[in-house]
Amino acid sequence: MSDYRYLLSEREIPKFWYNVVPDLPAPLPPPLHPGTLQPARPQDLEAIFPHALIEQEVTAAQNIPIPEPVLDILRLWRPTPLHRAVRLEKALGTPAKIFFKNEGVSPAGSHKPNTAIAQAYYNKTAGVKRLTTETGAGQWGSALSLACNVFGMECMVYMVKCSFYQKPHRRTMMECWGAKCVPSPSDLTQAGRKILAEDPETPGSLGIAISEAVEDAATHKETNYSLGSVLNHVLLHQTVIGKEAMAQMELAGASPDIVIGCCGGGSNFAGLAFPFVPEKAAGKNIRLIAVEPAACPTMTKGIYAYDFGDKSGMTPLLKMDTLGHDFIPPGIHAGGLRYHGMSPLVSLLHRAGVVEAVSYPQLKCFEAALTFARAEGLIVEPETSHAVCCVVEEALKAKEEGREKTILFNLSGHGHFDMAAYEKYFAGELSDYEYPEAKIREALAHLPKAS
Ligand SMILES: Cc1ncc(COP(=O)(O)O)c(C=O)c1O
């Protein structure tokens, strides 16, 4: 009989974050100042980020200690369980062993609090009183609301309009933790008002919501901006997932051949996969697969270039896989995967061949999520369903080839706020979007001129 879960005690929570930068196959191109297009200096970022996070953004140190007050909050739900999906293996009839890390057990329901708690802590210790942010699916906004509440700070969340109406209870959740949440674009910022004037019916996008949150932070006293993915320090904070998973896989007497995570800005994927990069660099045959939606195929169809992180061109330029900051993805239910860019760290590793990327349309992902729910009982977020889809595909490939692969994936969030999406799926009202080639071509034509 196989065990279903592998658990660590509170004392075994990692005490250090893992920084992948020293293990990169090439130097990471620096962010550029949006005005001068010259490498941004740390002080350029000080208007919206605290010093400690800027330092983590640029550090080349391998192991970064996790402050005790952060560990103290993470202990409320960490270490998260590692599950062996024995019943899914049986349902698929695969010889593959399937493991997953369950980040859905956090108070906000996803991996996002791992960095929200750290970011709120560093801002609080820098004397900041209020944080602004964007949110797609609502998971990040919920996580930051929770974190601000824990550290006694105000929180203002700009939620992508289509997700705001798809998931009204996410906003209520944020309000439970004392935050304010408005649909984006809003009339509260210049960036929002401009976009509403051009297209009052826009579904919104993460790029637009970032513009609003950055503008809010830059124009209000004692207010900083906080980003839920993409940046180096965010991915760093998520590596507790992979570090725990490594210890738990050892308990299970297993080692992954394939590591899978869905990718919006890259943080949950990196959190699980980056701690395995040194093993891969040392010659271990291990595949790291990042999964994205076919409707927003940043890595599989985008280009590797400098681009803005937001729609209005207010953020520094990052060298990343991008579809163009003007691109507004179709309103798929995986709102957290509707981002035009990708973390520079994940992008560099993707372009270097260390990370593979695949994309799937949403109907196939919902189908895989239901196979998973009916075997394992857990209902995943539409974002996570992309990882599950890839797991099912790899497990069936192992069956066809008669090979006993070990697959590890990140269950990045539960889907309890996503019943409207599942309802639409059952009613046959969900459709796949065509690959928006013309819109992407147009957006790529507007890339800033930096090489
Ligand atoms: C549950 C879940 N998984 C994945 C993502 C994608 O973001 P990232 O690539 O930063 O993990 C999100 C974003 O909102 C999310 O809520």
Side-chain angles (χ1 to χ4, degrees), residues 80 100-116 119 133-146 157-160 162-164 166-167 170 173-174 205-206 209-210 226-242 260-274 288-293 296 298-299 309 320-321 329 332-347 350 355 357 359 365 369 378-390 409-418 421:
T80 60
F100 64 92
K101 194 74 173 134
N102 187 0
E103 292 296 307
V105 299
S106 81
S110 78
H111 63 297
K112 296 283 182 183
N114 297 330
T115 181
Q119 292 192 44
T133 196
E134 73 295 327
T135 194
Q139 284 281 17
W140 167 243
S142 308
L144 196 69
S145 304
L146 164 78
V157 182
Y158 293 86
M159 183 165 181
V160 175
C162 67
S163 299
F164 186 89
Q166 280 165 353
K167 302 194 199 189
R170 272 282 164 199
M173 190 180 199
M174 294 179 225
S205 72
L206 277 166
I210 293 173
S226 180
L227 186 63
S229 191
V230 179
L231 298 179
N232 303 354
H233 67 267
V234 182
L235 274 56
L236 175 78
H237 300 155
Q238 293 295 353
T239 57
V240 287
I241 305 171
I260 296 170
C262 64
C263 251
S267 74
N268 91 88
F269 167 74
L272 179 67
F274 278 7
L288 310 177
I289 309 181
V291 191
E292 58 186 13
C296 188
T298 315
M299 287 175 285
M320 60 183 174
D321 286 338
I332 51 168
H333 274 272
L337 306 185
R338 291 179 68 243
Y339 184 56
H340 67 271
M342 180 51 58
S343 134
L345 287 170
V346 173
S347 301
H350 170 229
V355 164
S359 67
C365 295
L378 297 170
I379 301 168
V380 300
E381 260 223 329
E383 285 78 356
T384 310
S385 74
H386 290 70
V388 175
C389 189
C390 182
F409 79 98
N410 199 10
L411 193 164
S412 54
H414 69 64
H416 298 175
F417 288 85
D418 298 273

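Counting convention: from 1, in listed order, for ligands and their atoms alike.
Between the side chains of Glu103 and Asn114, at least one donor-acceptor pair of N or O atoms lies under 3.5 Å.
Formation of a donor-acceptor pair under 3.5 Å by the Ser267 side chain with backbone atoms of Ser229 is not found in this model. Under a 3.5 Å cut-off, the side chain of Thr133 and the backbone N or O of Ser226 do form a donor-acceptor pair. A donor-acceptor pair under 3.5 Å links the side-chain atoms of Thr384 to the main chain of Gly413, judged by distance alone. Side chain of Tyr339 to backbone of Gly309: a donor-acceptor contact under 3.5 angstrom is found. No donor-acceptor pair under 3.5 Å is formed between the side chain of Glu292 and the backbone N or O of Leu337. Side chain of Gln238 to main chain of His111: a donor-acceptor pair is present (N/O by atom type, distance under 3.5 Å, no hydrogens or angles).
Annotation for ligand 1: atoms under 4.0 Å from non-hydrogen atoms of Gln139 are 16 (O). Here is the list of ligand 1 atoms found below 4.0 Å of a heavy atom in Leu337: 6 (C). Ligand 1 places these atoms under 4.0 Å from at least one heavy atom of Cys263: 9 (O). Close contacts between ligand 1 and Cys262 involve ligand atoms 3 (N), 4 (C) [criterion: under 4.0 Å to a heavy atom]. With ligand atoms numbered from 1 in the order given, ligand 1 contributes 1 (C) to contacts under 4.0 Å with heavy atoms of Gly413.
Among protein heavy atoms, the minimum distance from atom 10 (O) of ligand 1 is reached at Ser229 OG, 2.5 Å. Among protein heavy atoms, atom 14 (O) of ligand 1 sits closest to Gly336 CA, 3.4 Å. The protein heavy atom nearest to atom 1 (C) of ligand 1 is Glu381 OE1, 2.8 Å. Closest protein heavy atom to atom 7 (O) of ligand 1: Lys112 NZ, 3.4 Å.
At least one heavy atom of His111 sits under 4.0 Å from some atom of ligand 1. Put simply, part of Gly266 is less than 4.0 Å from ligand 1, judged by heavy atoms.
For a threshold of 3.5 Å applied to N or O pairs, the pair formed by Glu383 and ligand 1 contains no separation below that value. Any N or O atom pair closer than 3.5 Å counts here, and Gly265 shares at least one such pair with ligand 1. Considering backbone and side-chain N/O of Ala137, none are found under 3.5 Å from N/O of ligand 1.
Interatomic distance, Arg338 CZ to Cys162 SG, rounded to the nearest 0.5 Å: 4.0 Å.
Of the heavy atoms in Val234, none comes closer than 4.0 Å to ligand 1. Residue-level proximity to ligand 1 for Ser412 is carried by backbone and side chain together, each with a heavy atom below 4.0 angstrom.
With a 4.5 Å cut-off on side-chain heavy atoms, Phe269 and Asn410 do not count as touching. Between Thr80 and Ser106 the shortest side-chain heavy-atom distance does not fall below 4.5 Å.
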